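In the text below, chain A, chain B and the rest are named by the order of the sequence lines, each starting its count at 1. Note that the structure is predicted; figures quoted are calculated from it, not measured.
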There are 2 protein chains.
Amino acid sequence: MNIGEVAEAAGLPAKTIRYYEDIGLITPLREANGYRRFTDAHLHKLAFLARARGLGFSIEQCRTLLALYEDRARASADVKALAETHLAEIDAKMAELAEMRRVLAELVEACAGDHRPDCPILLGLAQAPKTD
Amino acid sequence: MNIGEVAEAAGLPAKTIRYYEDIGLITPLREANGYRRFTDAHLHKLAFLARARGLGFSIEQCRTLLALYEDRARASADVKALAETHLAEIDAKMAELAEMRRVLAELVEACAGDHRPDCPILLGLAQAPKTD
DNA sequence: ATAGGGCTTCCAGTTACAGGAAGGTCAAGG
DNA sequence: CCTTGACCTTCCTGTAACTGGAAGCCCTAT
């Protein structure tokens, strides 16, 4: 397969696949004309990466996951630990967003949103957060 | 005030304040020796920025908020519209994270996490997401 | 005179790509 | 045979919002 075909099949932009090669995540073969050639195994790996990225794993985490995936002697505990780390990261981000949302929603609700200049949102940003 | 003092007071790293000057968010005065000098008004602006950033507004949104803040003739509707846009962004991110979390948690739960290599997490990444 | 702490500018690195330029390759059509 | 268009290649730049570090000036205290 050429890069276009594998990109389509893996659901990744060709640009991204070239980038993954750059950083050593995959190593496609090369045709005589310089074109990259991908095997089914490459496609499989790319699809794996696409899904791992889709779950929010960082590139480095994906690199580790891929290594574990290809290590027949891995312990599932290592995979689980990595996944739990990431789960905790997700939870931390969600909590941060939820707190932002809470404060922002409160300000938005207090704002009339009309032609007048008085605005509780700007006031809220200008003043120290009230300790409620 | 010098940059160290205002950084402390605004709760922003000095580096960040220099960066904000670079991109034109604030324009401190300068002493004869080249040191930046900040007034109370500058501090006020920086604290405003710190809080807006803390709520997740982008730098460009902060720029707009600051302009609205300083425009006596603003309409609160404009502020509210911006805040609501950002609220929607937050909601979108939270939904994305929640979906990641859902799928990932499911995989983690299915994984024994022991010394054996069998791992539902890796299987889940390797296979097309099941349509449940 | 020197030691320290704070200040300056400038450059590089971070994450995970995306956009675009300049140019080679290949199959089909005229 | 030539051209056209769709692919492909590499290389360079830009993104967001800083952070870290180097080299060097400024000021105060000892």
Side-chain angles (χ1 to χ4, degrees), chain A residues 1-38 42-43 45-46 48-66 85-86 89-90 92-93 96-97 100, chain B residues 1-38 42-43 45-46 48-66 85-86 89-90 92-93 96-97 100:
Chain A
M1 291 186 277
N2 280 349
I3 198 169
E5 197 180 344
V6 83
E8 172 75 18
L12 287 173
K15 277 271 186 189
T16 297
I17 297 176
R18 291 196 193 97
Y19 173 67
Y20 287 174
E21 181 182 6
D22 257 18
I23 62 173
L25 277 183
I26 36 158
T27 310
L29 305 167
R30 291 288 179 150
E31 306 279 3
N33 62 15
Y35 284 23
R36 290 170 181 81
R37 184 160 58 85
F38 297 85
H42 288 129
L43 169 55
K45 260 174 114 165
L46 287 170
F48 181 99
L49 286 169
R51 278 189 284 267
R53 292 286 300 130
L55 289 185
F57 286 100
S58 74
I59 289 285
E60 287 316 308
Q61 288 173 328
C62 287
R63 196 189 297 279
T64 303
L65 284 172
L66 213 46
T85 296
H86 180 44
E89 290 164 1
I90 289 178
K93 272 187 208 160
E96 197 186 339
L97 285 174
M100 286 179 182
Chain B
M1 291 185 278
N2 280 349
I3 198 168
E5 197 179 343
V6 82
E8 173 76 16
L12 286 173
K15 277 271 187 187
T16 297
I17 297 176
R18 291 197 194 96
Y19 172 67
Y20 286 175
E21 180 182 8
D22 257 18
I23 61 173
L25 277 183
I26 36 157
T27 309
L29 305 167
R30 291 287 178 151
E31 306 280 3
N33 62 11
Y35 285 20
R36 290 171 181 80
R37 183 160 60 84
F38 297 85
H42 288 130
L43 169 54
K45 261 175 115 165
L46 286 170
F48 182 98
L49 286 170
R51 280 190 282 269
R53 292 287 300 131
L55 289 185
F57 285 100
S58 74
I59 290 284
E60 286 315 308
Q61 286 173 329
C62 287
R63 196 189 298 279
T64 303
L65 283 172
L66 213 45
T85 294
H86 180 45
E89 290 163 2
I90 289 179
K93 273 185 208 162
E96 197 185 340
L97 285 174
M100 287 178 182

How does each nucleotide of nucleotides 10-22 of chain C score, in 5' to 3' order, for protein heavy atoms under 4.0 Å: base (B), sugar-phosphate only (S), or none (-)? B-----BBSBB--
Partners passing side chain to side chain contact (heavy atoms under 4.5 Å, CB included) against [X] (at least two apart in sequence or in another chain):
X        : value
Asp22(B) : none
Thr64(A) : Leu68(A), Leu82(A)
Glu96(A) : Met100(A)
His42(B) : Leu29(B), Phe38(B), Thr39(B)

Return each pair, listed once, that meets salt bridge (Lys or Arg N to Asp or Glu O under 4.0 Å) where at least one residue sits in residues 1-18 of chain B; pairs must be two or more places apart or across chains. none
Point-to-point distance, once rounded to the nearest 0.5 Å, from CD1 of Ile90(A) to CZ of Phe57(A): 7.5 Å
Rounded distance (nearest 0.5 Å) linking atom CD1 of Ile59(A) with atom CD1 of Ile23(A): 4.5 Å
Considering residues at least two apart in sequence or located in another chain, which fulfil the salt bridge (Lys or Arg N to Asp or Glu O under 4.0 Å) criterion with Glu21(B)? Arg30(B), Arg36(B)
In whole angstroms, how far is the [atom2] atom of [N] from the [atom1] atom of [X]?
X        : N       : atom1 : atom2 : answer
Leu49(B) : dC18(D) : CG    : C1'   : 14 Å
Tyr35(A) : dT10(D) : OH    : P     : 11 Å
Ile3(B)  : dT9(C)  : CD1   : C1'   : 12 Å
Met1(B)  : dC7(C)  : CE    : C1'   : 16 Å

Would you call Arg51(B) and Leu55(B) a side-chain contact if the rule is heavy atoms closer than 4.5 Å? no
Please name all residues satisfying side chain to side chain donor-acceptor pair (under 3.5 Å) with Arg63(B), sequence neighbours left out, ordered by chain then number. Glu60(B)
Five-pair end axes of the helix from dA1(C)-dT30(D) to dG30(C)-dC1(D), angle between them (10°): 40°
Over all strands shown, is Arg36(B) touching base, sugar-phosphate only, or nothing at heavy-atom distances under 4.0 angstrom? sugar-phosphate
Pull out every residue in residues 22-34 of chain B that has a heavy atom closer than 4.0 Å to any atom of DNA chain D, ordered by number, or say none. Asn33(B)
Hits for ring-ring contact (aromatic ring centres under 6.0 Å, His included) against Tyr20(A), two or more places apart or cross-chain, chain-then-number order -> none
